[in-house]
Every structure is written in structure tokens, then in C-alpha cells.
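Excluded from the calculations below are hydrogen atoms, water molecules and symmetry mates; all remaining heavy atoms, backbone and side chain alike, are included. Each chain gets a letter, A, B and so on, in the order its sequence line appears, and its residues count up from 1.
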Amino acid sequence: MNDTAAPLSASVSTPLFAWWHANARDLPWRFGRTTPWGVLVSEVMSQQTQMSRVVPYWEGWMAVWPDAASLAHASKAEVITAWGRLGYPRRALRLQECARAVADECGDELPRDYDGLTALPGIGDYTASAVLSFAFGERIAVVDTNIRRVLSRLFLGVESRGGAASPAERELANRALPEDAARSVTWNQAVMELGALVCTAKAPACDVCPVAHRCAFLAAGRPGLGERRTRPRQRFQGTDRQVRGIVLDALRKLPGDVRGGNAGAGASLPRVQVERLWKDRAQLDACIASLDEDGLIEIQPDGSLRLPA
DNA sequence: TTCCGGGTTA
DNA sequence: TAACCAGGAA
């Protein structure tokens with residue numbers, strides 16, 4: 001390890017930072033306008049989800065539950081309903097489990113260290129790194145799909161592969177990270193933003209890229225651009241994921257809790273109506289069972305379904 | 001490795 | 001049509 005070697009970012013940080021300051025999207029959780037908890041909520045909502053879809057959900061969510069303590073006291077039904085059609089609703093339950101852990105065990109303040117963050121439900125390597133960098137200003141390499149793609153193209157001249165991040169990709173991210181903590185935060189954000197807006201997966205806009213003149217991928221003739229980098233996905237139509245979504249959406253649309261003597265218990269969907277949601281009875285019942293196992297629904301003794309209290 | 005939503009884009 | 005998306009967990 002050569003301590004005197006300049007990080008890889010040195011050759012491109014000036015034009016990249018200028019681009020960032022001129023083109024960064026004005027997202028509501030950026031530029032110090034929210035709390036670390038608000039940053040965490042934005043990161044969880046953004047997992048496998050485009051930012052443009054996240055913004056309205058984040059604003060509504062934070063207006064109702066601005067901190068971990070308030071979210072900890074919500075009912076599951078409220079949380080699942082507020083998650084709406086963002087997708088992967090297990091993220092909503094994990095976020096609330098996380099809120100309860102933070103409120104009960106951490107004095108309603110997020111841990112400021114990697115191990116403490118990754119120990120929380122729903123927080124893995126990416127989200128922990130992002131919170132440390134973006135909310136706390138710590139110097140840590142963030143490795144997400146955008147950063148993997150940009151660093152691989154820019155410095156190695158090849159496409160990154162699908163699947164989990166490799167140790168080599170983490171090493172590259174660490175070698176690229178500026179030494180100065182404040183600059184490392186800008187670097188993470190700028191590289192990620194470049195990947196989202198310019199250096200996109202299918203159609204990178206190299207003609208407007210601020211670091212095109214230093215890009216190994218462009219110099220090499222953009223090898224492999226457009227080739228399939230991930231394993232063929234299962235089709236969505238007819239999958240368990242679609243069926244689960246249909247069932248959950250039906251429960252979300254039920255009349256809300258009347259706040260009577262049955263606290264937290266909303267209306268339920270009768271079995272007869274449940275069976276109309278999907279033709280394949282076996283698949284429907286399997287999906288209902290898996291939703292129940294995930295804690296996303298409750299199965300009543302009479303076979304009707306409802307969102308959990 | 002596979003499962004977990006649902007919307008957008010080329 | 002199908003890849004892709006600020007991933008996490010088993």
C-alpha cells in the first residue's frame with residue numbers, strides 16, 4: 001500500500017464536482033435539509049426504486065413520521081398502506097422494525113458506525129455506507145449499482161457485472177475515494193448522480209459527460225455496451241410477486257380503521273372476494289401464506305384477510 | 001443464488 | 001418485449 005499515491009479520483013474530481021454543483025437534482029433529503037433519520041428513510045425507499053417515484057412518498061411519510069420514535073408507534077396497517085405502490089413492501093415493515101430498535105435501544109438516534117447500522121433490520125452494506133457518508137459526513141466508500149458501473153467504465157474500461165458487488169469492486173471504490181472526508185461525500189454523491197443521469201446502463205450520454213476525456217470505457221469504444229449483464233429475469237406477469245401485489249393492494253383499498261373498540265384492526269376482505277383476486281387457487285393460497293409469513297397480512301379464522309395491527 | 005413490486009425506458 | 005432501478009436477506 002502506497003500512502004503517497006493520489007486516489008484515482010484526483011484526475012477527474014475537478015470536472016466531476018463542477019458538473020455535480022451545476023446538475024445535482026434538488027431532492028428534498030439533500031443539502032442538509034433533513035435529519036439522519038430522513039436520509040435513512042430516503043435510502044430504504046430508494047432500494048431498487050427510481051428516485052422520481054420516491055420523492056412524493058418520502059415527503060408524505062416524513063410529514064406523518066418525522067423520526068424513529070413516531071414511526072415506532074404506528075400500526076403495521078398504517079405503515080403498509082403509506083408504503084403504497086413503492087414495491088417490495090417488506091421494506092416498510094423492516095423500516096418500522098428499524099425505527100423501534102432505534103427508539104428503544106439507541107435513544108432515538110441512529111448509530112454512527114457501520115456495525116451498529118448494519119445490525120439494524122433492512123440496513124445492509126449500501127444503506128449503512130450511504131447514511132455514514134451522506135448524513136454523517138464520514139469518509140467511507142459507497143458501493144451501489146451506479147457507482148459500480150461508473151467506476152468500472154471510467155477506470156477499467158469495462159462493464160461491471162450484475163449480481164453482488166465483488167471484492168475487486170469494493171477495492172476500486174476505496175482506491176478512488178478522496179482522502180478528505182468532505183470531498184469523499186461529494187465524490188460519492190457525484191459519481192452516483194453521474195450514473196443515474198449520464199452514465200446510464202443502456203444509453204450513456206458520453207457527449208455530455210464531464211469526464212469523457214478521461215474515460216477508459218469511451219476510449220476503448222464502449223465494449224459490451226448493450227450486452228445483457230444480468231441473468232434473464234423471471235417474467236413479472238403471472239409470478240408470485242404479481243399475485244402478492246394484487247392481494248396486498250386489495251387489502252390497502254379496504255376502508256380504514258374506524259378507531260372503535262378494536263384498536264388497530266381495520267376491515268377485512270372476505271374469503272369469497274379473496275378468491276376472485278386470482279384464478280390459480282393453489283398459487284393464490286401459496287402467496288397468501290407467504291404474505292402471512294412475512295407479517296404483511298393476517299389470516300382470520302374464517303379465511304378473510306386483513307392488514308396486521 | 002434466488003426471491004422479493006412495480007414503474008420507466010429503449 | 002425486457003432490462004433496469006440509491007438492495008437486503010435467507
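Atom CG of A/Asp144 is separated from atom C1' of C/dG7 by 9 Å (rounded to the nearest Å). The CE-P distance, from A/Met51 to C/dG7, rounds to 10 Å in whole Å. For the pair A/Leu194 CG and C/dC5 C1', the computed distance is 16 Å after rounding to whole Å. Summarising the geometry, the separation between CG on A/Leu197 and P on B/dT9 is reported as 13 Å, rounded to the nearest angstrom. Between A/Lys202 atom NZ and C/dC5 atom P the separation is 9 Å, expressed in whole Å. Remark: P of C/dA10 and OH of A/Tyr88 are 16 Å apart, rounded to the nearest angstrom. In this structure, A/Met192 atom CE and C/dA6 atom P are separated by 9 Å, rounded to whole Å. Computed from coordinates, the A/Gln242 CD to B/dG5 P distance equals 11 Å when rounded to whole Å.
Side-chain contact between A/Trp187 and A/Val12: present, with at least one pair of heavy atoms (C-beta onward) separated by less than 4.5 Å. When side chains are defined from C-beta on, A/Phe136 does not count as touching A/Pro111, because their heavy atoms never get closer than 4.5 Å.
Phosphate proximity of C/dG8 to A/Thr127: present, with a side-chain N or O under 4.0 Å from OP1 or OP2. In this structure, A/Thr49 does not reach the C/dC5 phosphate: none of its side-chain N or O atoms is under 4.0 Å from OP1 or OP2. The side chain of A/Arg149 contributes no N or O atom lying less than 4.0 Å from OP1 or OP2 of C/dC4.
Nucleic acid contact for A/Leu248: none, since no nucleic acid atom lies under 4.0 Å from a heavy atom of the residue. Within 4.0 Å of A/Arg85, counting heavy atoms only, lie sugar-phosphate atoms of the nucleic acid but no base atom. A/Trp83 comes within contact range of no nucleotide atom at all, as no heavy-atom separation falls under 4.0 Å. Across all strands shown, A/Gly87 has heavy atoms under 4.0 Å from base atoms, whether or not it also approaches the sugar-phosphate. Looking at heavy-atom distances under 4.0 Å, A/Arg148 makes no contact with the nucleic acid at all. Within the nucleic acid shown, A/Asp125 comes within 4.0 Å of sugar-phosphate atoms alone, with no base atom in reach, counting heavy atoms only. Note on A/Leu27: a base of the nucleic acid sits closer than 4.0 angstrom, heavy atoms only.
Near DNA chain B, meaning a heavy atom under 4.0 Å away, the residues from residues 89-98 of chain A are A/Pro89, A/Arg90, A/Arg91.
Minimum atom distance to the side chain of A/Asp240 is reached by B/dC4, of the listed C/dA6, C/dC5, B/dC4. Set against B/dG5, C/dC4, C/dA6, the side chain of A/Arg244 has B/dG5 as its closest nucleotide.
Between the side chain of A/Gln50 and the base of C/dC5, a donor-acceptor pair under 3.5 Å is found. Side chain A/Arg53 to base C/dA6: no donor-acceptor pair is found below 3.5 Å.
A salt bridge does not link A/Glu298 with A/Lys76: none of the charged nitrogens is closer than 4.0 Å to a carboxylate oxygen. Using a cut-off of 4.0 Å between Lys/Arg side-chain N and Asp/Glu carboxylate O, A/Asp26 and A/Arg30 are scored as not salt-bridged.
Taking a 6.0 Å sphere around NE2 of A/His213, one finds it holds more than 12 heavy atoms contributed by other residues, nucleotides or ligands.
Side-chain atoms of A/Tyr88 and A/Arg241 form a donor-acceptor pair, as typed in the model, at a separation below 3.5 Å. No donor-acceptor contact under 3.5 angstrom links the side chains of A/Ser152 and A/Glu169, judged on distance only.
Where A/Thr118 and A/Ser46 each meet DNA chain C at their nearest nucleotide, the meeting point lying more 5' is that of A/Ser46. Mapping A/Gln47 and A/Ser52 onto DNA chain B by nearest heavy atom places A/Gln47 at the nucleotide closer to the 5' end.
Comparing B/dC4 with C/dA6, their P atoms are spaced 22 Å from each other, to the whole Å. Across the C1' atoms, B/dT8 and C/dG8 are found 23 Å apart, a figure rounded to whole Å.
Residues A/Leu177 and A/Val143 fall into different hydrophobic clusters, defined by Ile, Leu, Val, Met, Phe, Trp and Tyr side chains chained together at heavy-atom separations under 4.5 Å.
Between A/Trp61 and A/Trp83, the ring planes are perpendicular. Angles over 60° get that label, and only those under 30° would be called parallel.
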